[in-house]
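Here the structure is a predicted model, which means the values were calculated and not measured. To find a chain, count down the sequence lines: A is the first, B the second, and so on, and within it residues start at 1.
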Amino acid sequence: MNGHVPFGVADYFWDEASSRQSLLDHLMETFRGWGYGDVIPPMFEFDSTLSAQYDDRLRSGMYRFLDRDGSTLSLRPEFTTSVARLVGARLHDRPMPQRFCYGGSVFRYLEPQAGRQREFWQVGGELIGAPSPAADAEILALTATALKAAGLKGFRLIVGHIGYYRSLLEALALSPQQTEQLQWALERKSEPILDDFLRDTPLRTGQRQAVETLPQMVGGNVDGILSLAERHIQNRGMHAALQNLRRIVDALLGYDILDSLIIDLTEIRNLGYYTGISFEAIAPGLGTAVASGGRYDDLVGRFGPSQPAVGAALGVDRLLVAQRQDGAEGRRRQAALALPHGDPDALAQVQKLRQAGLHIQVDVNNRTVDSAIAYAAETDVRDVLVWEDGFQHHRRNGQGDFVPLGQLDESRLPGWTEARREEPSK
Amino acid sequence: MSSSVAAPYRGPADTFEQSQPAAAGGRSEQSLLFALPKGRLAQDSLFFLARAGLSIPTGTESRKLILPAADGSTGFVMSKPRDVPTYVEHGAADLGICGLDVLRETDRAVYEPLLLPFGHCRLSVAGPADGAAVPPGESGDSDDLAVKPASSSNLPGTPLRYMSQPRIATEYPRLTRRFFAERGVNAEIITLGGSVELGPILGLSDLIVDVVQTGTTLRMNGLVEIRTILESQAALVVNRASYQLKAAEINRIVERMRLLTT
């Protein structure tokens, strides 16, 4: 037993664990506030369930193993497919739409990235059974709201529409190699590769212009970009995609997030199952996306009656990195330490205080007051309660010395009541 | 917060562009950080940036890790060439310059809007020229050291797929593995940190994969080029988030560089 953990997983403890857990709770609460109900899918499922719609990159990044009967299982690399399976296979006859939110760890066998191990945490929500732009708008706005709730500042939502690119590809009727070259050029935003593509690929004038102008379909001027894109429509699919985007933008009007919106019609990296808008959230100081999502109208139908769906997931680990960079990380106060000195009345009193929502740990090592205060000082405990016919309250002051405050006044202890009082002011 | 978003609208047909001073002023507190490669590309990169009319640091010989540009608009980190894509992917730097060889080898998720007109070289497979695998003077006793595969002796014309399991010394394991895998060859890759030409001389490897500029180093070590894996030159790389969040400043730089590349 060497006490090591495998590469890609981590222990979280102390403040890091509590801020992680409370961020998760806080984000989940945001989703619940919009009518999303909790769902807890299994940690592993049949590989065939999870991997069918992923692209090669994500598929090769899955943890797979054999069940004892020989079937191949995978650890979940995200939640969306599991939720789609649940609704498609089991809840398909319930009234639509159905809203679900989840939080927990997912697993990808990829190079650990900034603030992200191979086991990392997601919080997200899925809105299933609504094809309308209002549903896309809700998911975008909810993502922005959750990011704000996490304290993230200056973020942007980069919104693309896979329908625009897929329909353009249909119109161009390219060979697989040509498609790959165009895709590579767009994914890397590489002008030289796009130039090579245009030089090597015979295209009609209108088609050529549609490809040539693709690099300009990026930016915060939503209306300008959509108008420009509309001038290069090659078929009905491209038209439908742009019209859909316009309606989604219109549906966002009441939500006050238009300032954070950036359109990028060349953003085509995604999980492979998106059918409509897809988006990523980025923020200053974080090189990679903190949230992503999109519409996936074909996924639920793999498991049952087909249903349109749209959803988003936030990366808890990256949000924590952002909070740390901001210095906004709140230190959680340790529970008060009570010394009952073996008096049952003291424990009865502790129970009453706990019921009132206060956080109290009881000394079970028979410490003396001095020893308890030394322990409290080392473990960041601020309040020590010593039973002398009622609790005497000792509190650490700014200099680190514990000073007696006399008889206990409950309102001064850390706990839920205090947390509740602070909540509305956030 | 909203006023700081300039429309990152690109291209010459840009009719929506907001005035740049306003955009730049909106976030003067987050100026750009530029990662430049030390070594081979360093001087060319600085020279190119200066030619593009960008303010460059004075005194790059200083030991400071982050060098401010003369006008303070941009910071520069001089980093190991291989680290440039890593810095940029993670957003530690907003943009950077590195060779296409390094960019493809490291395979980082970055944008690469432009190729730059310097740092031209090629990534090549090389092997011992006939009878020249060992340095002169040692040929007598090192025949048993330098195990020469039969197939590498008549080099350029021989298909690589005839080699059953060549041992290849390289600083580019990813590109090497892919190149040979595409030809069905299961190469044994020996990753080194430099001086890979020594591989065949010491009998460590049958072939090498390395960057070639003039070919002098290869010739001096009795090696000849067999195949070209990649034509390389310098490239501009940009962090994916910065590309959108600092669009105005980055577009200004891309625009100026483009003038020199087309």
Side-chain angles (χ1 to χ4, degrees), chain A residues 57 110-111 113-116 153-158 184-196 209 212-225 227-228 231 256-264 266-267 269 280-290 318 321 325, chain B residues 1-18 23 26-27 29-30 33 86-94 100 103-104 106-117 233 235-248 250-251 254 257-258 261-262:
Chain A
R57 202 171 134 274
L110 300 171
E111 276 299 293
Q113 298 162 330
R116 190 166 115 172
K153 296 187 191 81
F155 64 85
R156 298 284 179 273
L157 294 170
I158 317 287
W184 184 240
L186 296 178
E187 273 177 17
R188 309 289 288 191
K189 297 218 191 302
S190 166
E191 293 176 20
I193 299 176
L194 190 64
D195 290 345
D196 287 350
Q209 283 169 352
E212 274 170 352
T213 45
L214 276 175
Q216 296 170 35
M217 310 290 184
V218 182
N221 184 333
V222 176
D223 195 54
I225 287 168
S227 303
L228 179 69
R231 292 208 291 276
D256 188 30
I257 65 156
L258 284 174
D259 285 344
S260 325
L261 217 60
I262 290 176
I263 295 286
D264 186 346
T266 67
E267 192 53 69
R269 289 161 51 97
E280 283 188 334
I282 54 169
L286 295 173
T288 38
V290 287
R318 287 186 185 149
V321 171
Q325 284 175 356
Chain B
M1 139 175 165
S2 60
S3 63
S4 64
V5 198
Y9 211 82
R10 300 178 28 190
D14 186 354
T15 49
F16 307 98
E17 195 175 352
Q18 300 186 359
R27 59 173 90 83
E29 75 283 3
Q30 349 168 324
L33 196 66
T86 312
Y87 282 19
V88 173
E89 180 189 42
H90 290 252
D94 297 298
L100 209 51
L103 187 56
R104 295 287 173 262
T106 50
D107 192 31
R108 294 287 166 182
V110 294
Y111 290 146
E112 40 177 277
L114 291 178
L115 290 173
L116 308 178
Q233 69 190 86
L236 176 72
V237 292
V238 182
N239 173 262
R240 298 178 66 226
S242 303
Y243 186 88
Q244 310 280 9
L245 292 167
K246 303 181 180 179
I250 287 176
N251 283 334
V254 171
M257 289 186 171
R258 190 190 288 120
T261 58
T262 50

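The choice from B:Ala241, B:Ala92, B:Ala235, B:Ala93 that makes the most heavy-atom pairs within less than 4.5 Å of chain A is B:Ala241.
Checked by atom type and distance alone, the side chain of B:Gln233 pairs as donor or acceptor with a backbone atom of B:Leu116 at under 3.5 Å. B:Thr261 contributes a side-chain N or O that, together with a main-chain N or O of B:Arg258, makes up a donor-acceptor pair within less than 3.5 Å.
A salt bridge links A:Glu267 with B:Arg240; the closest basic N to acidic carboxylate O contact falls under 4.0 Å.
Within the 4.5 angstrom heavy-atom criterion, no atom of A:Ala185 approaches chain B. Only the side chain of A:Ile158 comes within less than 4.5 Å of a heavy atom in chain B; its backbone stays farther off. If you measure heavy-atom distances from B:Val238 to chain A, you find no contacts under 4.5 Å at all. Using a 4.5 Å cut-off between heavy atoms, A:Asp264 touches chain B through its side chain atoms alone. With a threshold of 4.5 angstrom between heavy atoms, A:Ile193 approaches chain B through side-chain atoms but not through N, CA, C or O.
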Take B:Arg108 and B:Thr86 through the side chain to side chain contact (heavy atoms under 4.5 Å, CB included) test and state the conclusion after the steps. CA-CA 7 Å; B:Arg108 294 287 166 182; B:Thr86 312; 3.9 Å; yes
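Sparse packing is recorded around CG of A:Asp256, with 12 or fewer heavy atoms of other residues, nucleotides or ligands lying under 6.0 Å away.
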